[in-house]
Amino acid sequence: MRLTSFADFGLRSLLVLAASDEATWSSAALATRLEVSRDHLVKVLQRLAAGGYVRTMRGPGGGVRLARPAQSIRLGEVLAWLEQEPALTECFRADGGDCVLSGFCALRPKLERARRAFYAALDESTLADCATPGLQRFVLMDPPSLAARP
């Protein structure tokens, strides 16, 4: 399974917020830290805010922060929210797709079981479980030293 860049950026944003001592991050600082487009990241942060994972504040002193404790954010739950349950195959589309094997294929239930197992396995961990000391050191690094990374 491959995550969309949208979900990837969302998870990375949450990881930085969870590992940071900063109360809030500006979208520009977060985009710089993650080396991603600020415009794209703003859309991701809006989706995370709509799901109740982050809180955004406008104006001076504003920014983005976790809306709830990192230990209460399950990885599978947030990933499913970010991915918006993309269709694994044609037959998973909301309209049923155009697969000629529909009605005869035994693959769909197996894929559905695997999809559920994937999210269930991720739900065994929280964002706090991923806020490792190494990630915390990364978050504290000065941006110029990021360019010097191997």
Response to the item:
Shortest non-hydrogen pair, Ala70 vs Ala18, comes out as CB-CB, 3.9 Å
Donor-acceptor list for residues 71-79 side chains, cut-off 3.5 Å, not counting sequence neighbours:
unit_1 : atom_1 : unit_2 : atom_2 : d
Ser72  : OG     : Pro69  : O      : 2.8
Arg74  : NH1    : Asp123 : O      : 2.8
Glu77  : OE2    : Tyr53  : OH     : 2.8
Glu77  : OE2    : Arg68  : NH2    : 2.7

Worksheet item: Could you give the distance from OG (Ser20) to CG (Leu30), rounded to the nearest 0.5 Å?
Response: 9.0 Å
Fill in: Separation of Ser26 OG from Met57 CE (nearest 0.5 Å)
11.0 Å
Worksheet, complete the sentence: For Cys105 and Pro109, the nearest pair of non-hydrogen atoms, with its separation, is O-CD, 4.3 Å
Discussion item. Salt bridge or not between Arg12 and Asp8? Use side-chain N to carboxylate O under 4.0 Å.
Written reply: yes
Practice prompt. For Thr24 and Arg65, test the side chains for any donor-to-acceptor distance below 3.5 angstrom and give the result as yes or no.
Written response: no
Worksheet item: Can you tell if the side chain of Tyr119 reaches within under 4.5 Å of the side chain of Glu83, non-hydrogen atoms only?
Response: yes
Fill in: Which atom of Arg47 lies closest to which atom of Phe6, heavy atoms considered
CB-CZ, 3.7 Å
Discussion item. Could you measure the distance from the CZ atom of Phe138 to the CG atom of Leu34? Nearest 0.5 Å is fine.
Written reply: 6.5 Å
Practice prompt. Could you grab the distance from atom CG of Leu82 to atom CG of Leu11, nearest 0.5 Å is fine?
Written response: 6.0 Å
Discussion item. How long is the straight-line distance from OG of Ser27 back to NE2 of His40, given to the nearest 0.5 Å?
Written reply: 13.5 Å
Worksheet item: Per the side chain to side chain contact (heavy atoms under 4.5 Å, CB included) rule, which among Leu127, Val139, Leu66 passes with Leu17?
Response: Leu66
Fill in: Contact summary for Ser37 and Ala31, nearest pair of heavy atoms
C-CB, 4.3 Å
Worksheet item: Going through the distances and angles, do Glu112 and Arg108 end up as a salt bridge (charged side-chain N to carboxylate O under 4.0 Å, His left out)?
Response: CA-CA 6 Å; Glu112 177 60 20; Arg108 186 174 199 265; 5.7 Å; no
Worksheet item: Is the shortest heavy-atom distance from the side chain of Asp39 to the side chain of Val42 under 4.5 Å?
Response: no
Worksheet item: Hey, what do you get for OG (Ser13) to CZ (Arg33), rounding to the nearest 0.5 Å?
Response: 12.5 Å
